[in-house]
2 protein chains.
Amino acid sequence: MSNISIKDIAAKAQVSTATVSYVLNGTRNVKQVTRERVLQVIEEMNYKPNNAAQSLKRRRTNTIGVIAEDVTVFNVPEIIDGINDCADRLDMHILLTNLRLDKRIGRSFDDMDTYRQYAENAVSELLSKQVEGIIYIGVHPRDLTGLCDTDGKPIVYTYSYTENDPSIQYDDEQASYEAMRYLIDHGHSRIAIISGVMDSIPSRLRFNGFYKAVTEFQLPFDPLLIKMGDWEAESGYRLTKELLSLPEPPTAILSMNDVMAVGVLRAASEMSVSIPEQLSLIGFDNREFSEYLMPRITTMDLPLHEIGYQAMEALSRILQGEEAGISPKPMCRLIERDSVAPPKR
Amino acid sequence: MSNISIKDIAAKAQVSTATVSYVLNGTRNVKQVTRERVLQVIEEMNYKPNNAAQSLKRRRTNTIGVIAEDVTVFNVPEIIDGINDCADRLDMHILLTNLRLDKRIGRSFDDMDTYRQYAENAVSELLSKQVEGIIYIGVHPRDLTGLCDTDGKPIVYTYSYTENDPSIQYDDEQASYEAMRYLIDHGHSRIAIISGVMDSIPSRLRFNGFYKAVTEFQLPFDPLLIKMGDWEAESGYRLTKELLSLPEPPTAILSMNDVMAVGVLRAASEMSVSIPEQLSLIGFDNREFSEYLMPRITTMDLPLHEIGYQAMEALSRILQGEEAGISPKPMCRLIERDSVAPPKR
DNA sequence: CTGTTAGCGCTTTCAA
DNA sequence: TTGAAAGCGCTAACAG
């Protein structure tokens, strides 16, 4: 059992506790033989320094807190992984709190009051554990201003943002612009878009990218090709049916997420419209299943790992007293698969 | 900034530090007015107790360590969530370490030496942080005997096991038996099975369940219906082609995971064998995508949340000085969807 | 009901 | 090159 303290080591090695501390931390020159003797005793007794005592004394923990709204939501684990990746390099430690929002409050993210309590408790606990900063991982990009009071400690948001604190997000607008360009490059001009719920940031940004491409490439603009979904497969299904029933149906659909793309697939299949031969499809998120569908769908990969990594970097920079710095937004990357082909004429 | 200590509170509230501590912990009766005064000052100054100091003094941290081999692997987040769920109720805290094994060593889990170092460091760090016990979450069920020396602190394994320590796993054998029964109940008797790699524990156990059903229900036993896959979609694809080319092909396939089931779907589609009309299919794992395939596939849901929950419970019991206790293995649950139908005759 | 005080295990200043 | 000793912020035994 680890009730061995520096004192036990000191006694057994016949030195003072100070000396043990010196060899442990390399804070001072210690005679070679002494050092070796101490090291050996440490080894023998399998001594592990008590981190609580160290933190108390040093008044530093090298630890940051990570608050995840829900670790079971698809984007979160990869972001955590990115944070870990960076933290390992910086020799920082992570204290992870899982708010379990999905299980506890379902999808009602609109009303912050319902989960503010959870967030506050998490922050409070983390602060109590002397973290030097916090990274907050949302499950859905939205404005979280006023959610957490971190008592002056720096906080960085990912996959969400606030008015005052730094936040790391990928470039949604660029992503949908790229997707459109890819479709256009393949010869499409009658391109429909199925959005997520319209009060969501990504929906708006992705629309911007869409419009930008439409404008820039002078595509015929047809409001009938713009459909408002709600992120769920059912809406993709329903809207695709509408789209394909149009007198002049689109030759390609850009779906704002992969889940709705599943609905597109189903609708197309039911209407005997084959993808990609008669209809091209691009999804968003590069969800794991997008690769398993038939056909495997072309989709936008979200730079989740990098978002986490950058969040950790930014926080570290702030901790060093530097500016958060505005590294360029991580970019999405198109994963080319089998759901896009030139339109048949 | 939280450099406010109990002393500051004591001074401002004109009491001793002891009194502050008493009201904070409710360890002793404190006169109503005094308590309120203290509480108010605490509130005013936004005081948060220093956890490091508390732990040091109390010699208890109420904290356990969780070592996840890789948080980005599908089974892990849900297990973590279960641990969290239980830990919240027990008022225990979690220190999570992500080994990042998938990114660092890929799939070479066979050679423990390649990752022992990571595991040892993780344990060592956790011990240093005074965790009272550890839960280890594997990404693949296998024997981990000798991986970690926890220096006498209790450890519970999930999704893996060792010879000497308690471990929580679901019942693989029962699961495949149930799947078989479901198929049999639907009228199938010529049932093929596509396994994972054969040196894996789940493969063997699921085979046992398969045999048990075959024996118990006196199905015609045909070795041609037994195929060894490797967990990947490609193997499901290839083996299904073999199966469907048999003089007397099976009417149903039990695939030992959902990924290989995707291969089954592809092969069947290519050979114009429709599922479930001409071929029934059951998968394993209830991966998210299984619901998005066409048809939505019937699959065995793994009780991941419960595994995590039970691991935490078991650890807590050990910490209380009780026996780990052998609660019954959590059961898998068949998720009925659209890939099973009676065989056509 | 409240206060004084010894220490938890460690780092670090000061002194030798 | 080493040691003595003062605390870091807190809890709890002891005293009143």
Side-chain angles (χ1 to χ4, degrees), chain A residues 1-39 41-42 45-63 124-132 151, chain B residues 1-39 41-42 45-63 124-132 151:
Chain A
M1 295 292 180
S2 249
N3 35 14
I4 303 139
S5 85
I6 209 172
K7 230 151 131 188
D8 304 309
I9 306 296
K12 190 140 177 214
Q14 317 216 53
V15 291
S16 72
T17 60
T19 304
V20 178
S21 175
Y22 296 143
V23 343
L24 235 27
N25 300 296
T27 17
R28 216 145 84 175
N29 273 344
V30 175
K31 217 201 315 183
Q32 182 70 6
V33 282
T34 322
R35 193 214 321 297
E36 272 165 15
R37 185 151 36 93
V38 172
L39 250 17
V41 175
I42 286 176
M45 306 188 75
N46 194 16
Y47 164 78
K48 305 251 187 332
N50 181 323
N51 195 270
Q54 288 181 319
S55 301
L56 187 57
K57 186 67 202 179
R58 294 210 253 247
R59 322 179 104 251
R60 283 219 52 194
T61 54
N62 269 323
T63 298
S124 192
E125 205 160 89
L126 253 15
L127 255 22
S128 203
K129 292 186 174 163
Q130 311 303 116
V131 299
E132 297 174 6
D151 200 25
Chain B
M1 296 290 181
S2 247
N3 35 13
I4 303 139
S5 86
I6 208 172
K7 230 152 131 187
D8 303 310
I9 305 297
K12 190 137 177 218
Q14 317 216 53
V15 291
S16 71
T17 60
T19 303
V20 178
S21 175
Y22 297 141
V23 343
L24 234 27
N25 301 296
T27 20
R28 219 145 83 173
N29 273 344
V30 174
K31 215 201 316 181
Q32 182 70 3
V33 282
T34 322
R35 192 215 320 298
E36 271 165 15
R37 185 151 36 94
V38 171
L39 250 18
V41 175
I42 286 176
M45 306 188 74
N46 195 14
Y47 163 78
K48 305 252 187 329
N50 180 324
N51 196 270
Q54 288 181 318
S55 302
L56 188 56
K57 182 68 200 180
R58 294 211 253 247
R59 321 177 105 255
R60 285 219 49 194
T61 54
N62 269 322
T63 298
S124 190
E125 205 160 87
L126 252 15
L127 255 22
S128 202
K129 291 188 175 163
Q130 311 305 113
V131 299
E132 297 173 7
D151 200 24

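Hydrogens, waters and symmetry mates play no part in the numbers below; they use all other heavy atoms, side chains included. Computed from a predicted model, the values in this text were never measured in an experiment. Per chain, numbering begins at 1; letters A, B, ... match sequence-line order.
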- [ ] Round to the nearest Å and state the distance from A:Lys7 atom NZ to C:dG7 atom P.
- [x] 9 Å
TODO: Please answer whether the main-chain N or O of B:Pro49 pairs with a side-chain N or O of A:Ser128 as donor and acceptor at a distance below 3.5 Å.
DONE: yes
Task: Below 4.0 Å: OP1/OP2 of D:dG9 and any side-chain N or O of B:Ser5 - done: no
Open item on the list: Rounded to whole Å, how long is the line connecting atom CD1 of B:Ile6 with atom P of C:dT5?
Closed with: 17 Å
TODO: Please tell me if the side chains of B:Asn25 and B:Arg58 come closer than 4.5 Å, counting only heavy atoms from C-beta onward.
DONE: yes
Open item on the list: Can you measure A:Lys48 atom NZ to C:dC10 atom C1' for me and round it to whole angstrom units?
Closed with: 17 Å
Task: Residue B:Ser16, side-chain atoms from C-beta onward, closest of D:dT1, C:dT4, D:dC10 - done: C:dT4
Open item on the list: If I take atom NZ in residue A:Lys31 and atom P in nucleotide D:dG3, what distance separates them, rounded to the nearest angstrom?
Closed with: 10 Å
Task: Spacing between A:Asn3 atom CG and C:dC8 atom C1', to the nearest angstrom - done: 13 Å
Open item on the list: With a 3.5 Å cut-off and heavy atoms only, can you find an N or O donor on one side and an acceptor on the other between the side chain of B:Lys57 and the base of C:dG7?
Closed with: yes
- [ ] Classify the side chain of A:Tyr22 versus the base of D:dG3 as yes if they form a donor-acceptor pair under 3.5 Å and no if they do not.
- [x] yes
Task: Contact check, side chains of A:Ile6 and A:Tyr47, non-hydrogen atoms, under 4.5 Å - done: yes
Open item on the list: Treating B:Thr61 as the side-chain partner and B:Gln130 as the backbone partner, does any N or O pair qualify as donor plus acceptor under 3.5 Å?
Closed with: yes
TODO: For A:Val20, report the nucleic acid contact type (base, sugar-phosphate, nothing); a contact means any heavy atom under 4.0 Å.
DONE: nothing
TODO: Report yes if at least one side-chain N or O of A:Asn50 is closer than 4.0 Å to OP1 or OP2 of C:dC8; otherwise report no.
DONE: no
Open item on the list: Side-chain N or O of B:Arg58 versus OP1/OP2 of D:dT11: is the shortest distance under 4.0 Å?
Closed with: yes
Task: Closest-nucleotide ordering on DNA chain C, the 5'-leading residue of B:Arg37 and B:Arg59 - done: B:Arg37
TODO: Return the value, rounded to whole Å, for the distance between atom CZ of A:Arg60 and atom C1' of D:dG9.
DONE: 19 Å
TODO: Verify the contact: side-chain N or O of A:Thr34 to OP1 or OP2 of D:dT2, cut-off strictly under 4.0 Å; return yes or no.
DONE: yes
Task: Donor/acceptor link under 3.5 angstrom from B:Arg28 side chain onto base of C:dG3 - done: yes
TODO: Starting from C1' on C:dC8, measure out to CD1 on A:Ile4 and report it in whole angstrom.
DONE: 16 Å
Open item on the list: For a quick check of understanding: with a heavy-atom distance under 4.0 Å over all strands, which category does A:Thr19 fall into, base, sugar-phosphate or nothing?
Closed with: sugar-phosphate
Task: Most 5' of A:Ala53 and A:Arg35 on DNA chain D, judged by nearest nucleotide - done: A:Arg35
Open item on the list: Quick check: do A:Leu24 and A:Ile42 have side-chain heavy atoms less than 4.5 Å from each other?
Closed with: yes
- [ ] Specify the separation, in whole Å, of atom CG of B:Asn51 and atom C1' of D:dT11.
- [x] 13 Å
Task: Short side-chain N/O contact from A:Asn29 to OP1 or OP2 of D:dT1, under 4.0 Å - done: yes
- [ ] Ignoring backbone atoms, test whether A:Gln54 places a side-chain nitrogen or oxygen under 4.0 Å from the OP1 or OP2 oxygen of C:dG9.
- [x] no
Open item on the list: Side chains of A:Lys129 and A:Thr63, heavy atoms from C-beta outward: is any pair under 4.5 Å?
Closed with: no
